[in-house]
Amino acid sequence: MESVKKVEISTSGKVIESPCGPIIHGLEDVLIKVTSISDIDGRKGILWYRGYRIEDLAKYSNFEETAYLVLYGKLPTKSELSEFSEKLAANRDLPEEVYSIIRVLAENKVHPMLVLESPVSALAGFDPKAGDLSKDALYDQAIRLAAVFPTIIAAHYRFSRGLGIIRPRRDLSHSANFLYMMFGSIPDEVSTRAIDLYLVLHIDHEVPASTFATHVAISTWTDLYSAIVAGIAALKGPLHGGANEAAMKQYLEIGNPSNARPYVEKLLAEGKRLMGVGHRVYKTYDPRARIYKDLVKELSEKKGNMTYYQIAEEVEKVVLEKLAPKSLYPNIDFWSGIAMYLLGIPYEYYTPIFAMSRVVGWSAHAIEYLNEHRLFRPRACYVGPHDVQYVPIDQRK
Ligand code: ACO
């Protein structure tokens with residue numbers, strides 16, 4: 001085990017000169033806190049959760065165990081894991097009123113990512129301890145939040161299609177229960193693993209925009225539910241959570257492996273971006289993408305549909321040839337949309353499933369930040385006029 005390891009962070013953040021001094025545009029490379037939750041080496045392509053390499057967790061762990069690790073900072077013992085898993089399972093169902101909120105919005109075709117915000121904030125109203133920022137209350141809320149995300153997403157899927165909802169089962173794993181609530185049958189092993197591995201790979205990623213938004217909200221001593229809503233709102237944007245859907249649409253447009261090279265070459269010649277490629281931090285192959293690629297291959301074989309895996313492999317060849325010299329490599333979204341597609345999950349649920357995993361990281365960071373808490377309150381450089389004279393409306397030109 002390595003002790004405290006400092007991953008080098010470039011100080012070449014984009015600086016804009018202003019009359020009040022330099023502005024670090026987009027807070028690129030600005031440190032906002034110390035953390036022991038996750039770390040990324042973007043040059044070497046390494047991701048750690050609580051010091052454990054993502055490759056080991058992908059191989060040996062599952063969602064429940066990794067969620068425990070991220071929240072509590074250590075791997076659970078057998079009894080700790082079974083208590084944690086039972087608590088998650090016991091918290092899966094929603095109050096009837098919350099199902100009603102989801103039904104009204106889903107039947108009116110409101111996007112599931114928008115719908116996710118409403119039941120999460122409504123759930124605070126059903127928790128008498130919602131504003132309690134003590135450790136015990138926060139951990140209970142973090143578990144409840146992680147437990148209900150699959151239920152909210154599956155309920156949206158079913159309501160929006162005029163199907164009756166399927167209540168969660170306590171005897172299934174987090175991932176198997178999610179697919180069961182979506183489609184009504186107990187999923188096979190590889191389908192469950194496809195969801196579970198996706199969740200393990202997305203649980204935390206240091207402080208991207210959504211995790212930062214959660215910090216800003218919790219720094220005001222708001223409740224955890226509201227801080228999670230801030231995270232969902234930031235994740236929804238296409239520059240953050242939406243690329244897996246865009247990458248899959250690309251493969252569908254390509255249609256077959258022999259079209260891949262001309263498609264990519266034309267797109268790049270037109271100066272357009274290839275979805276699922278590039279990353280603000282990784283300047284090499286995203287380690288999550290490397291791991292998920294193998295799963296997508298296995299799932300494609302099991303489902304008897306290799307087309308999209310083969311298209312992606314052809315696209316990858318061109319990326320490694322033409323974009324890798326600019327430090328642009330496939331990211332996790334390059335592969336993950338294919339798995340969701342093969343599982344029969346419609347595009348609009350890809351980002352909510354990302355949130356279903358990241359809610360654990362958001363909660364862990366919010367709890368961590370409250371230890372060393374300070375209100376986020378940056379400044380802006382005002383460049384407008386001062387002391388302008390107020391003119392009554394009937395005298396304005
Ligand atoms: N395809 C082609 N060229 C690209 C791509 C791409 N996907 N991404 C970046 N570039 C090029 C840019 O055109 C630019 O070229 P130039 O220097 O010749 O002008 C150069 O690489 C640097 O681009 P920036 O936008 O400055 O890089 P940034 O670090 O801000 O971008 C981002 C990161 C937003 C992820 C970008 O690579 C992108 O748009 N990728 C496609 C969307 C995507 O896959 N997002 C998922 C990220 S992973 C996740 O959120 C789970």
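Note that this is a predicted model, so its numbers are computed, not measured. All heavy atoms count here, side chains included; hydrogens, waters and symmetry mates do not. Whatever order the structure lists ligands and atoms in, that order sets their numbers, starting from 1.
- Using a 4.0 Å cut-off between charged nitrogen and carboxylate oxygen, K129 and D140 do not count as a salt-bridge pair.
- Remark: among candidates K14, K272, H240, the nearest residue to atom 50 (O) of ligand 1 is H240, based on non-hydrogen atoms.
- Distance screen at 4.0 Å: atom 25 (O) of ligand 1 has a protein heavy-atom neighbour inside the cut-off.
- At a heavy-atom cutoff of 4.0 Å, ligand 1 is contacted by both the backbone and the side chain of V277.
- Among K33, E368, H373, the single residue meeting the side-chain hydrogen bond (donor to acceptor under 3.5 Å, both in side chains) criterion with H215 is K33.
- Residue contacts with ligand 1, taken as heavy atom pairs separated by less than 4.0 Å, involve I332 solely via side-chain atoms from C-beta onward.
- The option from G237, G26, G278, G271 that lies nearest to atom 37 (O) of ligand 1, judged by heavy atoms, is G278.
- The aromatic rings of Y341 and Y347 lie parallel to each other, their planes meeting at an angle below 30°, with 60° marking the opposite boundary.
- Within the 4.0 Å heavy-atom criterion, both parts of H279, backbone and side chain, lie near ligand 1.
- Put simply, the residue from N256, T307, I338 that forms a side chain to side chain contact (heavy atoms under 4.5 Å, CB included) with Y251 is I338.
- Here atom 4 (C) of ligand 1 lies nearest to L328 when heavy atoms of N331, L328, L323 are compared.
- Side chain of Y292 to backbone of L197: no donor-acceptor contact under 3.5 angstrom is found.
- Protein heavy atom closest to atom 34 (C) of ligand 1, with residue, atom name and distance, is R273 NH1, 4.2 Å.
- At a 4.0 Å cut-off, at least one heavy atom of L274 sits close enough to ligand 1 to count as contact.
- Under 4.0 Å from ligand 1, not a single heavy atom of D286 appears.
- Note that atom 22 (C) of ligand 1 has no protein non-hydrogen atoms nearby, at separations under 4.0 angstrom.
- Checked by atom type and distance alone, the side chain of R158 pairs as donor or acceptor with a backbone atom of G164 at under 3.5 Å.
- For atom 42 (C) of ligand 1, the closest non-hydrogen atom of the protein is M275 SD, 3.7 Å.
- Of the protein's heavy atoms, R280 N, 3.8 Å lies nearest to atom 33 (C) of ligand 1.
- Ion pair K266/E270 flagged as a salt bridge, since at least one NZ, NE, NH1 or NH2 atom sits closer than 4.0 Å to an Asp/Glu carboxylate oxygen.
- Panel note: side chain Y72, backbone L75; no donor-acceptor pair is recorded below 3.5 Å.
- A donor-acceptor contact shorter than 3.5 Å links the side chain of R50 to the backbone of V70.
- Atom numbering of ligand 1 starts at 1 in the shown order; those under 4.0 Å from a heavy atom of G276 are 43 (C), 44 (O).
- Among all non-hydrogen protein atoms, the one lying nearest atom 43 (C) of ligand 1 is A243 CB, 3.4 Å.
- Taking every heavy atom of K326 and a limit of under 4.0 angstrom, the matching atoms of ligand 1 come to 15 (O), 18 (O).
- Checking atom 30 (O) of ligand 1 against the protein gives a heavy-atom contact under 4.0 Å.
- When atom types are taken as modelled, the side chain of R288 and the backbone of N331 share no donor-acceptor pair closer than 3.5 angstrom.
- Every atom of ligand 1 is numbered from 1 in the order shown, and the set under 4.0 Å from a heavy atom of D333 is 46 (C), 48 (S), 49 (C), 51 (C).
- A salt bridge links E265 with R261; the closest basic N to acidic carboxylate O contact falls under 4.0 Å.
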